[in-house]
Structure formats: structure tokens, C-alpha cells
Participant: 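Just passing along the structure, written as C-alpha cells.
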Amino acid sequence: MKIYYSILSLLILIFISTKSSEINANPATSREPVASASEQRLDDPILTPIQRGSIRLRLKQIASDLTAPNWATPAPNDPDHLYISDQNGKLWRINLTTNDKEIFLDFSDLLVPLGVSGSNSFDERGFLGFAFHPQFVENGLLYTYTSEPAGEKSDFSTLPPGASPNHRSVIREWRLDPNNFNQDQANVKEMRVLMTVDQPQFNHNAGALNFGSDGMLYIAFGDGGGADDRDGQDFGGSQMIGHGPNGNGQNTGNPLGKLLRVDPVGNNSNNGQYGIPNDNPFVGSDTALKEIYAYGFRNPFRFSFDHETNLLVLADVGQNDIEEINLIQAGGNYGWGLKEGSFRFEPNGSEPGFVTDAQIAGNFIDPVIQYDHNEGTAVIGGFIYRGKAIPALEGVYLFGDVARTGNGDGRIFYSDGSSILEMDLTEHAQPGFWVLGFGQDIDKELYVLGNMTGIPFETTGAVYKLVPNASFDSDVLEIPAVDVNFDNNHSGTFRARLQLVQDTQPPRFELTQTEQLADRFRGDNASFNQTTGELSIPFVNIRDTSDNISTFAAQLQLIPGLPVLTFELKQFVPVR
């Protein structure tokens, strides 16, 4: 079933989630959950399983031999390349036409040594986010989020006197030559450190950086790590510190567990290195941090803006039960660590915390969509699709989960804001790797990033483009991209539509519409050799009357001498 993202329905969801109370900017307001007498632990909070959807696409590999890629975006003036952050400190530049890759910048020397238990072990620290300034063409500014060794005093710390942080998160600004993407890194200038934040534990760093249409820089921070966001909880054989008795998520006096909004070229912050917008929701508070845009998060690893609607969609990684997708409102409290998803959360001392069916009193905003750990282990936020290649995804939010069982079995989901469906992939039931991030190019087409290990070591990381198959429906053959090799040694890529000629056997198709595409769409689907007249379409989706999809490989031959370019079907082989 084709689904379309309804902005109206999402706005209604926002209204429903907050209709009982407006967002209160006073951090002193009581937000304690109220338990009912019949409170019950929920071992299976969401009973309905996620079903496979009816949009069948493919993952086309465009780069390999990375380590742990986690975010991808274009530079404003470089449409033919995709820039990708790798957890080990490298910022890659990938040519979308040739698939060649190069290291654009290398920040690995800044990082804390990765591997919680030594080399080749798990870690959540590293190079976690970057963003080009919207006026990059004029100012050449790039911003990065890196996990660096502790030592110097940070701008923000939640640790008691004498305690040492595990590491600190650093937001840096760099000035590049926007007209020279091959400049030597030695000539790249670090303008300044915008912000430093002590991290009590190694995990829950979040790390996403994004500019909104307002020109402000939004920065996501996790709750400081550990488990349950409470001091005194057991974590790795020692008691947690740096969270306080009620957790950082609900403490508006520090940046942990928050989404911040700053003006990177301003200077009215306490350290003088960035600006605080005068319309931030807490700018008038005497106790809350003025940089805060929204709060109550555990590990908001990824968020993105939909620039058609200005919706800010944030995925927050859950503790033991619930993964959630949120629509962000200025000043909104999303509940962690009093709630996980839409459920009340109960910390459990040295035992794992859990959710219950108890009612929750407070000014909280529930997720738009959520799923439990029967379906995955950590949500990876993506994008609302605004490309042209996949009409069935228009306005739909694409996201994923790192691994269903923690064994490299990542998943790709999509949602219209009401239900969650799993992407139907052509050649594999699931991606077959750890899903670590998503990306979007200049055409608003989407990419999936992952590796085979789930750790920031080795070179199993890869980047995949999400591409459509050709489709045959109602006598029309739609080919989203055809690489055409002309007989004059030139080539080009086109979107094509062919109409079935009725009562022909073998079936014939007349070309009725073409649209030339950029070379970066080359290799996404079919190929046509003008010299031989062969049209090869390796994947064609055909939907039957019961809405079931089958995929075939097709070979067609150009029929010479006809007034309209006409192809005859020569071979039709099932793929899936």
C-alpha cells in the first residue's frame, strides 16, 4: 500500500500529545510520575509487530572500506559529492558519479582512544557529527562534534569536585576555502572551539549537528551515559556519577540530555565563542540554560530538518524497552528519565530499569511513533524523503535500527507518522549489516550507512544509496534511471516512461517520455546501448491484483525503422 506523509495528521498528533498542558519553561515545575495502584511492569509494551511494507527498493553500494560511517550530507556548492563522517575521525568525500572516495579531512588525532575495552571493542565515542554552514559558499565554515580526552576545564560539567570525566565533547569551527575542495589539511584553519562539555561515561553522546532554516546551529547531547540517568546506579562495576539524583534529562541547568540551539557566529554566550538566540525558549529564565531548545532526551543520536515544512524530527535511543521518534517543539520536555517512549520509566537500582503501565503526570510530549525491543535495539534517525526518484516515499520518514538482536541484523523502516513499516528490499530480506546512520544528497535522495562489525575498527564500513526498481503498472513501464550509451561515444542518464502497445505479442513498448538526469544517477537502474539496441532492466517490480510484488529482470530490443522508439520484450526472468 502506498502511503503519504500527512503534515496535517502530524500537527494533529502534536496537538493531541500536548492538549492537556502547554509547555512550561519553568524548570522548577514538579514532573514526578504518578503511579496507579495497579501499576504493572510491561515486558512486551507494544504487542503489534512491525510488518513489511509494500515499497520495494534496493541498496546500491557506492563506497566501501570505511570504518563506521554515521552521517552523510553534501556541501552547499559541491552537488556531485557526498561528505561522510566516520566514527574513527575521518571525513570522507565520495564522488557520486564515479564512486571514488578520498579523505577530505582527518580529525583522528583529536579523538579519545576508541574501544571501551581496548582495540577492536565497542565504543560510542568518536567523530559523531558535522555540518556545513548554510553560507559555506561565502564563509567556508564547517562545524564538527568530536569526543576528545578530558583534561582542560570544560564550559559545562555535571561532575562533583575532584571527579574526572570519561571524556569531553567538543564543538569546533573550521574555515575552509570553499572554492578548493582539494586543499591540504595543513591549510585548513581551526577558527575556534565553540563549546566543550564533560561526559561522565563513555556512552550516550548523541552528536548530531544540523542547521535549521533559521540559520541557527542545533546540537544534540545525550544524558551523559551509563544507565537510567541516575547517580548511584551500577554501570560497569562502579557507581555512576555526574547525573544527580533526578537525572540530567530533566535538569534544565546543564546541556546533557538536551537539544541546544546556538548562533555559531555570535558571541553572547558565557564563553564568548557563540551566540544565544534571543528567541530561545529559556532565554528569559534565571535557572535554565539559555542554549536549550528542547530537553528530556536519553541519546538523541540523530535528528534532521524537513526544509519543506520546517519539521524537526528527532530519534531518541531508548534504554531497555522503547525506541522513539519525536517531533520537536521549542521548549518541549520529552520525558526521559521519567518516561521511556510514552511509558513510565522505573529505574531499578543495580538491575535494569523497565517501563510500566502507570500513568504519568507532567508536561511531557509523547513520541509520534515508537517501537519496542522485540523489533530492535537502538533507533537510528533518518530523513523525510523529498527526492524525485521514489514517488512512493514522498513525504515519508525513513529511519532504521542498528541491529534487531545485536548481531549485525540492522533494519530499515519508514513511517507516515502513524504506523511503522519495514522496507521491502529486493535482493535481501534485511540489509545484512549494522545500520549506523543515514544520509541525504543534494537531490534529497537517501543513503544508508553501516558496517559488518558494529564497532569503530577495521574497514567493513560501506555506503549504500536507496534506489528504486523499474515498475510496470497499468500498461506503463516506468524506469527511474537509464544509462544511455550513444553511438557517438557519448552517454547520459535519463528517467523514461514507456507505454505498452496493446495486442502485441511479444509485448512491445513505445517510449513516451524522457527526462535527463545528472550523471550522479548513473548506475541506479537500467542501461541502453544505442549501437546494439539492447535495453537491459535488471529489476522490474510488478504488482498483482492482490497488491503483491514480484521482481523480474527484463531484456528488450529496439525495433528499427518505426516512427516512435519501440522496444520488444525478449526475456523476462524472475528475481524475487
Participant: With a 4.5 Å cut-off on side-chain heavy atoms, are D401 and E375 touching?
Facilitator: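 Contact flag for E375/D401 side chains = no.
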Participant: Before giving the answer on salt bridge (charged side-chain N to carboxylate O under 4.0 Å, His left out), spell out for K444 and E308 the whole-Å C-alpha distance, their side-chain angles and the decisive distance to 0.1 Å.
Facilitator: CA-CA 12 Å; K444 308 302 182 186; E308 286 199 14; over 6 Å; no
Participant: May I ask you to decide if G89's main-chain N or O and D86's side chain share a donor-acceptor pair within less than 3.5 Å?
Facilitator: no
Participant: Can you tell me how far CG of L91 sits from CG of L142, rounded to the nearest 0.5 angstrom?
Facilitator: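 Between L142 CG and L91 CG, I get 6.5 Å after rounding to 0.5 Å.
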Participant: Rounded to the nearest 0.5 Å, what separation is found between the CG atom of D65 and the CD atom of E458?
Facilitator: 12.0 Å
Participant: Does atom NZ (K60) have a neighbourhood of more than 12 heavy atoms from anything else shown, all under 6.0 Å?
Facilitator: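 Atom NZ in K60 is packed in, count exceeds 12.
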Participant: Any side-chain heavy atom of R125 within less than 4.5 Å of one from N166?
Facilitator: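 Yes, close enough: below the 4.5 Å cut-off.
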Participant: Quick check: closest heavy atoms across G382 and S304, and the distance to 0.1 Å?
Facilitator: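 G382 and S304 have their closest heavy atoms at O-OG, 2.7 Å.
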Participant: Atom CD1 in I171, atom OG1 in T144: separation rounded to 0.5 Å?
Facilitator: 7.0 Å
Participant: Contact between V448 and F438 at the side-chain level, heavy atoms closer than 4.5 Å - yes or no?
Facilitator: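 The answer is yes; the side chains approach within 4.5 Å.
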Participant: Checking side-chain polar atoms at under 3.5 Å, does N88 have a donor or acceptor matched by the opposite partner on S108?
Facilitator: no
Participant: Among F130, Y143, F136, which one satisfies ring pair (Phe, Tyr, Trp, His ring centres under 6.0 Å) with F211?
Facilitator: Y143
Participant: Using the ring pair (Phe, Tyr, Trp, His ring centres under 6.0 Å) rule, pick out the option among Y414, Y385, F413 that qualifies with F399.
Facilitator: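 When Y414, Y385, F413 are each tested with F399, the ring pair (Phe, Tyr, Trp, His ring centres under 6.0 Å) holds only for F413.
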Participant: Using atom types as modelled and distance alone, determine if a side-chain donor or acceptor of D223 lies under 3.5 Å from a backbone N or O of N248.
Facilitator: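 A pair under 3.5 Å: no.
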Participant: Examine F297 together with F303 and report whether their ring centres are nearer than 6.0 Å.
Facilitator: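 No, the ring of F297 stays outside the 6.0 Å limit from the ring of F303, centre to centre.
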Participant: In terms of side-chain heavy atoms, does N407 have a donor or acceptor partner in T405 at a distance below 3.5 Å?
Facilitator: no
Participant: R230 and N246: which non-hydrogen atoms are nearest, and at how many Å?
Facilitator: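 So the minimum-distance heavy-atom pair works out to NH1-O, 4.0 Å.
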Participant: Should N451 and L66 be marked as a side chain to side chain contact (heavy atoms under 4.5 Å, CB included) after you check the CA-CA gap, both sets of side-chain angles, and the distance that decides it?
Facilitator: CA-CA 8 Å; N451 71 13; L66 287 75; over 6 Å; no
Participant: With Y145, which of F301, F127, F221, F107 fulfils ring pair (Phe, Tyr, Trp, His ring centres under 6.0 Å)?
Facilitator: F221
Participant: Is the shortest side-chain heavy-atom distance between E173 and H133 below 4.5 Å?
Facilitator: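 The answer is no; the side chains never approach within 4.5 Å.
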Participant: Return the orientation label for the H81 and Y83 ring planes: parallel under 30°, perpendicular over 60°, tilted otherwise.
Facilitator: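 H81 and Y83: tilted rings.
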Participant: Hey, is CG on N120 packed in by over 12 heavy atoms from elsewhere, all under 6.0 Å?
Facilitator: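 Counting neighbours around CG of N120, more than 12 heavy atoms of other residues, nucleotides or ligands fall under 6.0 Å, so yes.
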Participant: Within the 4.5 Å heavy-atom criterion, are Q273 and V193 side-chain neighbours or not?
Facilitator: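 A side-chain contact is absent here, since even the closest heavy-atom pair is not under 4.5 Å.
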Participant: Is there a donor-acceptor contact under 3.5 Å from the side chain of N205 to the main chain of G222?
Facilitator: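 No.
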Participant: Between F383 and W71, does the ring centroid distance fall short of 6.0 Å?
Facilitator: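 So the answer is yes for these two rings.
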Participant: Any luck finding a side-chain donor-acceptor pair between E291 and N280 under 3.5 Å?
Facilitator: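 No, because no side-chain N or O of E291 sits under 3.5 Å from a partner of the opposite role on N280.
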Participant: Can you tell if the side chain of Q233 reaches within under 4.5 Å of the side chain of P347, non-hydrogen atoms only?
Facilitator: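 A side-chain contact under 4.5 Å exists here.
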Participant: Evaluate the criterion salt bridge (charged side-chain N to carboxylate O under 4.0 Å, His left out) for residue pair D443 and R520; output intermediate values, then yes/no.
Facilitator: CA-CA 10 Å; D443 302 300; R520 52 187 172 268; 2.5 Å; yes
Participant: How long is the gap from CD on Q440 to OH on Y447, to the nearest 0.5 Å?
Facilitator: 10.0 Å
Participant: Centres of the F305 and Y218 rings: under 6.0 Å?
Facilitator: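 When the ring centroids of F305 and Y218 are compared, they turn out to be within the sub-6.0 Å range.
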Participant: Nearest 0.5 Å, what's the CG-CD distance between L314 and E324?
Facilitator: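 Rounded to the nearest 0.5 Å, the CG-CD separation comes out at 8.5 Å.
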Participant: Do R298 and H204 have side-chain heavy atoms sitting under 4.5 Å apart?
Facilitator: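 Counting from C-beta outward, R298 and H204 do come under 4.5 Å.
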Participant: Going by the angle between their ring planes, with limits at 30° and 60°, are F282 and Y295 parallel, tilted or perpendicular?
Facilitator: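 It falls in the perpendicular class, over 60°.
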Participant: Evaluate the side-chain proximity of L436 to V402: yes if any heavy-atom separation is below 4.5 Å, no if none is.
Facilitator: yes
Participant: Assign the ring pair F122 / F202 to parallel, tilted or perpendicular, where the plane angle (0 to 90°) is split at 30° and 60°.
Facilitator: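 Ring orientation, 0 to 90° scale: perpendicular.
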Participant: Rounded to the nearest 0.5 Å, what's the gap from CD1 on I442 to CG on L96? Could you check?
Facilitator: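 Separation between the atoms: 10.0 Å.
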